[in-house]
Amino acid sequence: MNVRRHIPTAVLAGASVLGMLTLSACSDSGGGKADGKLNVTASFYPMEFLAKEIGKDHVQVTDLTKPGTEPHDLELSPRQTAELGESDAIVYLKGVQPAVDKAVQQSGVEHTVDAASLTRLKKHGSEVDGHDHTTGDNGTGHDEHGHEGHEGHDHEGDGNDPHIWLDPVKLAQVAKGVGKTFADADPAHKADYARNTDDLVKKLTDLDKKFQDGLKNKKSDTFITTHAAFGYLAERYGLTEEAINGIDPESGDVSGSRMKELQKLAKDHHVNTVFFETLTSPALAQTLAKDLGVKTDVLDPIEGITEKSRGKDYVQVMEANLAALQKALGAK
């Protein structure tokens, strides 16, 4: 029920003046928004997670990809494209969403950070052998020759695997770059961004240690999944990822010869689980698992958080992924 109350004219006038003073004060405090917050646009959930963890109360984050939407399939509306150009800062990962890549390039926004430029990317196919570290980085953002991890690479259209966020070490490298971008865009809160970045890096370092310790003693080192999203994770922790599909989660029909390869591989390496993910169909995983007589389970690429996610944020879902891998690989 709506109840109208008569407010004295003098009170309204005073409130109006106070509101104007407050608006004026806030709009001078940074960020370009009336409430003084940095207006940040994130391309999809992992970038949103970084922006919120590093920005905290100083940012207002808009995620271009709604929960439950497969990020690779995103198409932007004219309104979203226009709003993107009004951002104070953009956090995205080039190579995941072509529509976003194009819109960012045309946006003219000064403070834009491409996560893929902050760490070393690699080409990954449907098989990634995590025991081959000859071209990997050493966890510090440098490769074994001491070169910067992001030096001189061009990942647009070159087949590089963009799923860097599934490696906590690489995500920590990206976090540092995002923190610097926010500090440049909003110098008044530089110290807070630096502190929040340090806190996030520590959280990711702790997560990395949990994976290292949790996957030390295992009966098998091979896992099968529908989507080749876990190549960086496999390399980081000495595992072998075998994917039914490639980097694209819905890349089309799978050949009979590939299915036969996976069947042989599963028997040779004592695979007892075929993993699928929450945002795409589990049909392929279920078909292969039925042929093999093994179970299915979820290994989440964390492209979005939904009610089906095994956790409320990136860290919780990664911990659920670790538990699923430990169970499948017979880790103690």
Side-chain angles (χ1 to χ4, degrees), residues 42 44-54 56 61 63 65 67-68 71 93 115 119 128 130 139 161-176 178 196-241 243 249 271-280 282 285 295-332:
F44 70 125
Y45 174 71
M47 303 299 103
E48 177 193 359
F49 172 76
L50 289 176
K52 288 184 174 179
E53 287 287 312
I54 294 169
K56 298 288 187 183
V61 181
D63 190 342
T65 308
L93 203 170
T119 188
V128 177
D161 180 0
H163 298 87
I164 52 175
W165 67 91
L166 291 165
D167 176 349
V169 175
K170 286 188 172 294
L171 193 62
Q173 294 168 8
V174 174
K176 294 174 183 177
V178 174
N196 295 343
T197 300
D198 289 344
D199 290 345
L200 177 56
V201 168
K202 183 183 184 305
K203 192 182 295 186
L204 294 171
T205 301
D206 291 344
L207 180 62
D208 170 50
K209 190 172 189 311
K210 285 183 181 179
F211 269 83
Q212 288 183 39
D213 294 343
L215 295 172
K216 272 183 181 177
N217 302 311
K218 51 192 179 296
K219 294 179 180 178
S220 176
D221 60 6
T222 301
F223 65 97
I224 295 176
T225 183
T226 52
H227 176 195
F230 302 91
Y232 294 109
L233 184 148
E235 288 182 332
R236 180 66 60 192
Y237 304 111
L239 307 177
T240 297
E241 174 198 52
V271 173
N272 63 21
T273 306
V274 177
F275 289 110
F276 65 95
E277 59 190 74
T278 54
L279 296 183
T280 57
K295 300 172 293 184
T296 58
D297 199 358
V298 171
L299 198 61
D300 197 331
I302 323 182
E303 294 176 340
I305 298 292
T306 69
E307 292 180 354
K308 295 181 180 180
S309 300
R310 295 177 175 177
K312 295 181 179 179
D313 67 10
Y314 169 85
V315 173
Q316 289 184 6
V317 179
M318 280 293 282
E319 289 173 343
N321 281 345
L322 172 58
L325 284 169
Q326 287 176 307
K327 185 177 179 181
L329 300 177
K332 298 179 180 179

Item to check | Which atom of Ile305 lies closest to which atom of Ile302, heavy atoms considered | outcome: CD1-CG2, 4.3 Å
Next on the checklist: Run the side-chain contact (heavy atoms from CB on, under 4.5 Å) test on Leu329 and Leu239 for me, step by step, so that the C-alpha distance in whole Å, both residues' side-chain angles and the decisive distance to 0.1 Å come before the verdict.
Outcome noted: CA-CA 10 Å; Leu329 300 177; Leu239 307 177; 3.8 Å; yes
Next on the checklist: Would Asp297 and Arg310 count as a salt bridge (charged side-chain N to carboxylate O under 4.0 Å, His left out) here? Give the steps.
Outcome noted: CA-CA 12 Å; Asp297 199 358; Arg310 295 177 175 177; 2.8 Å; yes
Checklist entry - Can you check whether Leu325 reaches Leu233 side chain to side chain, under 4.5 Å on heavy atoms? => result yes
Checklist outcome for this item: When rounded to the nearest 0.5 Å, the distance separating NZ of Lys56 from CG of Asp199 is 7.0 Å
Checklist outcome for this item: Heavy-atom nearest pair, Phe275 first then Ala324, reads CZ-O, 3.7 Å
Checklist entry - Quick one: does Lys327's side chain get under 4.5 Å of Thr273's, heavy atoms only? => result no
Next on the checklist: Test your reading of the model: is there a side-chain donor-acceptor pair from Asp221 to the backbone of Thr240, 3.5 Å cut-off?
Outcome noted: no
Checklist entry - Tell me, do His163 and Glu303 make a side-chain contact under 4.5 Å, heavy atoms counted? => result yes
Checklist entry - Roughly how far, to the nearest 0.5 Å, is CD of Glu53 from CD of Glu48? => result 10.5 Å
Next on the checklist: With heavy-atom distances below 4.5 Å as the criterion, would you say the side chains of Leu50 and Tyr314 are in contact?
Outcome noted: no
Checklist outcome for this item: Rounded to the nearest 0.5 angstrom, the OG1-CD1 distance for Thr296 and Ile224 is 12.5 Å
Item to check | Short side-chain to backbone donor-acceptor contact, Gln326 and Gly214, under 3.5 Å | outcome: yes
Checklist entry - Taking atom CG of Leu299 and atom CG of Asn321, what is their separation to the nearest 0.5 Å? => result 4.5 Å
Checklist entry - If every non-hydrogen atom of Thr197 is compared with every non-hydrogen atom of Ile54, which pair is closest and at what distance? => result OG1-CG2, 3.5 Å
Next on the checklist: Can a donor-acceptor pair be found, under 3.5 Å and without considering hydrogens, that links the side chain of Trp165 to the backbone of Pro301?
Outcome noted: yes
Item to check | Non-hydrogen side-chain atoms of Thr119 and Leu171 separated by less than 4.5 Å | outcome: no
Item to check | Heavy-atom closest pair, residues Val315 and Phe49 | outcome: CG2-CZ, 4.2 Å
Next on the checklist: With a sphere of 6.0 Å drawn around NZ of Lys176, does it hold more than 12 non-hydrogen atoms of other residues, nucleotides or ligands?
Outcome noted: no
Checklist outcome for this item: NZ of Lys170 to CG of Leu204, rounded to nearest 0.5 Å, is 13.5 Å
Checklist outcome for this item: For Leu166 and Met318, the nearest pair of non-hydrogen atoms, with its separation, is O-CE, 3.5 Å
Next on the checklist: I'd like to know if the side chain of Tyr237 pairs up with that of Asp208 as donor and acceptor (distance under 3.5 Å, no hydrogens or angles considered).
Outcome noted: yes
Checklist entry - Rounded to the nearest 0.5 Å, how far does CZ of Phe211 lie from NZ of Lys216? => result 15.0 Å
Checklist entry - What orientation do Phe223 and Phe230 show, parallel under 30°, tilted 30 to 60°, or perpendicular over 60°? => result perpendicular
Item to check | Side chains of Lys202 and Asp198 in contact at under 4.5 Å (non-hydrogen atoms) | outcome: no
Next on the checklist: Donor-acceptor check, side chain of Tyr232 to backbone of Asp161, threshold 3.5 angstrom: yes or no?
Outcome noted: yes
Item to check | Heavy-atom pair with the smallest gap, counting every atom of Leu200 and Ala175 | outcome: CD2-CB, 3.9 Å
